[in-house]
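What you see below is based on every heavy atom in this structure, not just the backbone, and it leaves out hydrogens, waters and symmetry mates. Numbered from 1 within each chain, the chains take letters A, B, ... in sequence-line order.
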Protein chains: 2
Amino acid sequence: MKEIPVQDLSLSKTFQTYQKKFKALADERRLQIMHQITQQKEVCVCDLSDTMALPQSKLSYHLKILLDASLIKKETRGTWSYYSLNEEEVNHLLSEELCCLFRHD
Amino acid sequence: MKEIPVQDLSLSKTFQTYQKKFKALADERRLQIMHQITQQKEVCVCDLSDTMALPQSKLSYHLKILLDASLIKKETRGTWSYYSLNEEEVNHLLSEELCCLFRHD
DNA sequence: TTAATTAATCAAAAAAAATTGATTTAAGGA
DNA sequence: TCCTTAAATCAATTTTTTTTGATTAATTAA
């Protein structure tokens with residue numbers, strides 16, 4: 001039997017949430033994706049596949065990580081999936097100085 | 001011979017810098033460390049080793065990652081190493097709403 | 001000088017994340 | 001219906017990160 005060395009369980013939960021968000025941002029390709037989404041408001045996988053020269057499966061993989069961290073939003077129209085910035089979440093997380101790079105004002 | 005599909009090399013460099021910082025924050029233990037450093041102003045490895053119930057080598061490993069990302073600073077006095085928040089860097093990166101958790105005002 | 005303390009580093013193993021190419025799903029048009 | 005397109009998912013492999021325990025380095029005190 002091992003003791004769990006956590007004083008504050010809710011704080012631990014908070015850290016886990018932020019860990020997930022920072023992990024999503026901890027990749028150069030995903031930062032590029034974030035940047036492009038920030039610039040273009042709305043982007044589909046095929047657009048990104050062109051501009052970033054990445055295969056579709058890789059993009060879907062990275063987009064899912066950003067989506068699961070609630071940093072971006074997804075809307076499906078027809079066969080297309082459109083991704084956009086989750087401004088509320090991003091602005092909560094990142095400084096205003098990172099505006100234009102990864103967040104809007 | 002492969003072409004490098006990067007339009008803006010300086011932008012790519014910027015992304016690499018942020019990738020490193022977000023990678024440093026992408027771990028629950030390191031967020032705990034950041035939190036404790038934020039609270040206490042200054043902390044040595046043995047302090048953290050006690051409060052976080054982690055072996056010394058693991059702590060040194062994680063502290064190095066935060067240090068290399070310039071999120072914390074280190075000062076050696078005698079045989080002790082004291083770590084403190086790099087407020088400038090952290091405030092540049094994180095939102096004001098994360099104040100008290102991982103940054104000062 | 002020797003012993004004790006603090007912390008960094010190292011190499012090997014384990015765990016987690018990313019890549020790859022293929023397959024599957026779903027929508028739309030011929 | 002059949003074919004095409006867009007994108008998600010999957011399994012196997014590769015790469016990266018983390019853990020572990022031991023060793024090393026440096027400082028201080030006896």
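The side chain of B:His62 places no N or O atom within less than 4.0 Å of a non-bridging phosphate oxygen (OP1 or OP2) of D:dT17. Between A:Lys74 and the phosphate of D:dA8, there is a side-chain N or O to OP1/OP2 separation shorter than 4.0 Å. Listed pair B:Lys23 / D:dT17 meets the phosphate criterion, a side-chain N or O lying under 4.0 Å from OP1 or OP2. For C:dA8, one of the phosphate oxygens OP1 or OP2 lies less than 4.0 angstrom from a side-chain nitrogen or oxygen of B:Tyr83. For D:dT18, one of the phosphate oxygens OP1 or OP2 lies less than 4.0 angstrom from a side-chain nitrogen or oxygen of B:Arg30.
Here the C1' atom of nucleotide C:dT19 and the NZ atom of A:Lys64 are 17 Å apart, to the nearest Å. For the pair A:Leu59 CG and D:dT9 P, the computed distance is 14 Å after rounding to whole Å. Rounded to an integer number of Å, the gap from CD of B:Gln19 to P of C:dA17 is 15 Å. Going from atom CD of A:Glu75 over to atom P of D:dA6 covers 18 Å, rounded to whole Å. The nearest whole Å value for the distance from the CD atom in A:Gln32 to the P atom in C:dA18 is 15 Å. Between the CG atom of B:Asp27 and the P atom of C:dA16 there is a distance of 12 Å, rounded to whole Å. We find that CG of B:Leu25 is positioned 15 Å from P of D:dT17, with the value rounded to whole Å. Distance CG (B:Leu66) to C1' (C:dA7): 16 Å, rounded to an integer number of Å.
Among the protein residues, B:Leu63 comes within range of no part of the nucleic acid, since none of its heavy atoms lies under 4.0 Å from any strand. Within 4.0 Å (heavy atoms only), B:Ile65 reaches sugar-phosphate atoms of the nucleic acid but no base atom. B:Ser81 comes within contact range of the sugar-phosphate backbone alone, with a heavy-atom separation under 4.0 Å but no base atom that close. Within 4.0 Å (heavy atoms only), B:Tyr82 reaches no atom of the nucleic acid at all.
Here the closest heavy-atom approach between residue B:Glu28 and residue A:Gln19 is recorded as N-NE2, 3.2 Å. Contact record, A:Lys21 with A:Ser70: NZ-CB, 3.9 Å, taken as the closest heavy-atom pair.
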> Can you list the steps and then say if A:Leu98 with A:Ser95 is a side-chain contact (heavy atoms from CB on, under 4.5 Å)?
Replying inline: CA-CA 6 Å; A:Leu98 293 193; A:Ser95 85; 3.9 Å; yes
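Taking five base pairs at each end of the helix from C:dT1-D:dA30 to C:dA30-D:dT1, the local helix axes there meet at an angle of 10°, rounded to 10°.
Here the options are B:Leu94, B:Thr38, B:Leu93, the test is side-chain contact (heavy atoms from CB on, under 4.5 Å), and the partner is B:Arg103; only B:Leu94 passes. Of the residues B:Leu85, B:Ile33, B:Asp27, the one that meets the side-chain contact (heavy atoms from CB on, under 4.5 Å) test with B:Leu66 is B:Ile33. The side chain to side chain donor-acceptor pair (under 3.5 Å) test with B:Gln36 singles out one residue from B:Gln32, B:Gln40, B:Gln39, and that residue is B:Gln40.
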Check: protein-nucleotides 20-28 of chain D nitrogen or oxygen pairs below 3.5 Å:
from, atom 1, to, atom 2, distance (Å)
D:dT20, OP2, B:Lys58, NZ, 2.5

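Under the 3.5 Å distance criterion, the side-chain polar atoms of B:Ser49 are matched with a main-chain donor or acceptor of B:Leu54. Counting only distance, with no hydrogens or angles, the side chain of B:Arg30 and the backbone of B:Lys23 share a donor-acceptor pair below 3.5 Å.
Salt-bridge formation is not detected for the pair A:Lys73/A:Glu75: no Lys NZ or Arg NE/NH1/NH2 atom is positioned less than 4.0 Å from an Asp or Glu carboxylate oxygen.
Two rings, from B:Phe15 and A:Phe102, have their centers less than 6.0 Å apart.
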